[in-house]
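What follows is one structure encoded as structure tokens, with my remarks underneath.
We use all heavy atoms of the structure for the numbers below, so side chains are in, but hydrogens, waters and symmetry mates are not. None of these values were measured; they are calculated from a predicted model. So that the names make sense, note that chain A is the first sequence line, chain B the second, and so on, each numbered from 1.
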There are 2 protein chains.
Amino acid sequence: MSRSDLSQNVCTVARTVEMVGETWSLMILREMFLGSRRFDDLQRRTGCSPHLLSQRLKRLEAEQIVERRSYSERPPRHEYRLTERGRDLWPVVIALKNWGDRWLDKTGAPPIELTHKACGQITRPSMHCSACGEPVDARSVTVRLSPKMARDRATADR
Amino acid sequence: MSRSDLSQNVCTVARTVEMVGETWSLMILREMFLGSRRFDDLQRRTGCSPHLLSQRLKRLEAEQIVERRSYSERPPRHEYRLTERGRDLWPVVIALKNWGDRWLDKTGAPPIELTHKACGQITRPSMHCSACGEPVDARSVTVRLSPKMARDRATADR
DNA sequence: GCGACTCACTTCATATTTTGAAGTGAGTCT
DNA sequence: AGACTCACTTCAAAATATGAAGTGAGTCGC
């Protein structure tokens with residue numbers, strides 16, 4: 001199965017992975033959440049080659065995750081902005097950050113520090129149950145697949 | 001900059017992306033969170049080629065995200081299990097799922113349904129502030145970079 | 001009005017990765 | 001004995017990524 005066949009998958013994780021689950025797409029998203037908007041900034045701060053950056057931005061634009069807009073006619077200048085769809089990928093980047101801060105950082109002081117505007121405290125957002133509000137992890141839930149998803153996986157068994 | 005240079009990055013997001021931010025690694029993780037443990041199951045249910053699956057599992061094992069263990073001497077049989085480190089990647093997969101459920105699913109019934117064991121309710125975990133417990137998103141936080149991280153990004157500017 | 005510079009890319013040759021089909025080897029099952 | 005399962009490995013072809021160099025519109029300083 002080729003990577004792009006994932007878009008046909010019933011599983012929404014698979015389809016999301018197909019859209020943004022590439023190294024440089026994730027790096028571009030990180031960088032945009034840190035505030036970069038311009039091509040050159042993205043290129044230097046992510047370390048991505050201009051060729052690939054250009055390809056990735058086109059894809060992210062086609063997927064309506066980023067928007068390309070002109071902010072000056074003369075000289076002609078553009079910038080890339082996250083759409084609502086794009087901003088909604090924030091938890092993915094935060095989840096990656098949390099894992100890295102916990103398991104890869106040796107200094108104890110994470111390279112990116114977040115402050116919650118509303119409460120003014122330094123925060124490290126984590127997953128909570130939407131029903132009861134308690135923290136949740138892999139072990140605190142049970143999984144149920146929709147019939148369609150179960151069939152999809154069964155079909156792959158042939 | 002090549003993909004593997006990301007591991008030298010100060011940013012823990014970059015380093016995490018380098019470790020697990022590949023299409024098939026993420027698919028393997030999804031599948032393991034759904035309960036698959038055996039090579040063949042992973043292969044068929046993710047759709048990954050056996051060659052690549054083998055490579056990815058070796059990498060995930062080297063990174064101590066999964067553990068390979070024998071569950072039968074004769075016949076010789078192995079299974080792969082998530083370590084604690086691996087289980088801690090759950091929020092990444094959930095964040096991908098949430099995004100996909102919101103933006104890609106047209107049916108309204110997500111293919112994977114989670115139930116919180118403690119409260120018995122169907123749940124869709126989301127990010128909450130670790131300090132005050134309120135829900136947080138991209139717009140509700142301010143970002144501060146550590147001096148090292150700021151330097152790292154500045155250096156890339158040369 | 002010339003040369004240097006910035007931004008936002010594109011082009012191209014080379015290198016690396018992925019894909020998919022086929023094969024392997026230990027062992028069980030009938 | 002033959003078919004089958006599991007857990008892979010091998011290999012060639014195809015797809016993708018990398019990195020250096022180039023482009024073109026425009027500005028800035030002298």
Side-chain angles (χ1 to χ4, degrees), chain A residues 1-9 14 17-28 31-32 36-62 66-81 156-158, chain B residues 1-9 14 17-28 31-32 36-62 66-81 156-158:
Chain A
M1 191 201 267
S2 81
R3 215 191 145 273
S4 60
D5 293 335
L6 290 176
S7 62
Q8 303 308 309
N9 216 294
V17 164
E18 203 261 321
M19 295 185 91
V20 298
E22 292 165 300
T23 299
W24 297 113
S25 299
L26 290 168
M27 289 299 292
I28 291 166
E31 200 44 48
M32 293 188 82
S36 295
R37 293 162 168 39
R38 297 211 315 273
F39 190 96
D40 275 34
D41 285 342
L42 290 170
Q43 201 245 295
R44 286 170 306 179
R45 300 221 238 259
T46 59
C48 180
S49 74
H51 178 56
L52 196 50
L53 177 59
S54 162
Q55 283 192 199
R56 287 291 174 271
L57 285 172
K58 274 177 192 149
R59 249 195 95 187
L60 291 172
E61 200 191 345
V66 306
E67 238 172 35
R68 182 177 186 269
R69 40 161 114 161
S70 151
Y71 67 91
S72 151
E73 287 293 324
R74 21 195 44 247
R77 291 289 181 265
H78 309 100
E79 61 177 7
Y80 294 89
R81 298 280 210 129
D157 277 336
R158 270 184 294 125
Chain B
M1 190 201 266
S2 81
R3 213 190 146 277
S4 60
D5 294 335
L6 290 176
S7 62
Q8 303 308 310
N9 216 295
V17 164
E18 204 261 321
M19 293 184 94
V20 298
E22 291 164 300
T23 298
W24 297 114
S25 299
L26 291 168
M27 288 299 292
I28 292 165
E31 201 45 46
M32 294 189 83
S36 295
R37 295 162 169 31
R38 298 210 315 272
F39 190 95
D40 275 34
D41 286 343
L42 290 170
Q43 201 243 297
R44 286 170 305 180
R45 300 222 239 258
T46 59
C48 180
S49 73
H51 177 57
L52 197 49
L53 177 59
S54 162
Q55 283 191 200
R56 286 292 173 272
L57 285 172
K58 275 177 190 147
R59 249 195 98 187
L60 291 171
E61 202 191 343
V66 306
E67 237 172 36
R68 183 178 186 269
R69 41 161 113 161
S70 150
Y71 67 92
S72 151
E73 286 293 324
R74 19 198 44 246
R77 291 288 181 266
H78 309 99
E79 61 176 9
Y80 295 89
R81 298 280 210 130
D157 277 335
R158 268 184 293 125

Among C:dT19, D:dC8, D:dA17, the one nearest any side-chain atom of B:S54 is D:dC8
Any side-chain N or O of A:K58 below 4.0 angstrom from OP1/OP2 of C:dA8?
no
Let me know the distance between CZ of A:R44 and P of D:dG19, rounded to the nearest Å.
17 Å
Find the distance A:D41:CG to C:dA8:P and express it as a whole number of Å.
8 Å
Please report the distance, rounded to the nearest Å, between CG in A:L53 and P in C:dC9.
9 Å
Between C:dA8, C:dT19, D:dA7, spot the one nearest the side chain of B:W24, thanks.
C:dT19
What's the shortest heavy-atom distance between B:T46 and B:M27, and which atoms?
CG2-O, 3.7 Å
Might you point out which heavy atoms bring B:L57 and B:F39 nearest each other, and give the distance in Å?
CD1-CD1, 3.8 Å
Is there a side-chain polar atom (N or O) of A:R77 under 4.0 Å from OP1 or OP2 of C:dC9?
no
Value in whole Å for how far the P atom of D:dC6 lies from CZ of B:R69:
19 Å
Both B:R56 and A:R38 contact DNA chain C. Taking the nearest nucleotide for each, which residue is further toward the 5' end?
A:R38
Rounded at 0.5 Å granularity, tell me how far CZ in A:R37 sits from CZ in A:R68.
16.0 Å
If you only use heavy atoms from C-beta on, which nucleotide in C:dA8, D:dG19, D:dC6 is closest to the side chain of A:S49?
D:dG19
What's the shortest heavy-atom distance between A:C48 and A:L53, and which atoms?
SG-N, 3.4 Å
Using whole Å, what does the distance between atom P of nucleotide D:dT18 and atom CD of A:Q43 come to?
12 Å
Rounded off to whole Å, could you give me the CD-to-P distance for the B:E61 and D:dA7 pair?
14 Å
Taking the nucleotide of DNA chain D with the closest heavy atom to each, which residue, B:H78 or A:P50, is nearer the 5' end?
B:H78
Length of the line joining B:I28:CD1 and D:dC8:P, which is rounded to integer Å
12 Å
Among D:dT18, D:dC8, D:dC11, find the nucleotide with the atom closest to the side chain of B:H51.
D:dC11
Taking 4.0 angstrom as the limit, do A:R45 and A:E31 come out as a salt bridge?
yes
Is the phosphate of D:dC8 approached by B:R68 (side-chain N or O, under 4.0 Å from OP1 or OP2)?
yes
Output the rounded distance in Å from CG (A:L52) to P (C:dC9).
14 Å
On DNA chain D, check which nucleotide each of B:Y80 and A:C48 is closest to and give me the residue with the more 5' one.
B:Y80
Nucleotide of D:dA7, D:dA17, C:dA8 approaching A:Q55 most closely (side-chain heavy atoms)
D:dA17
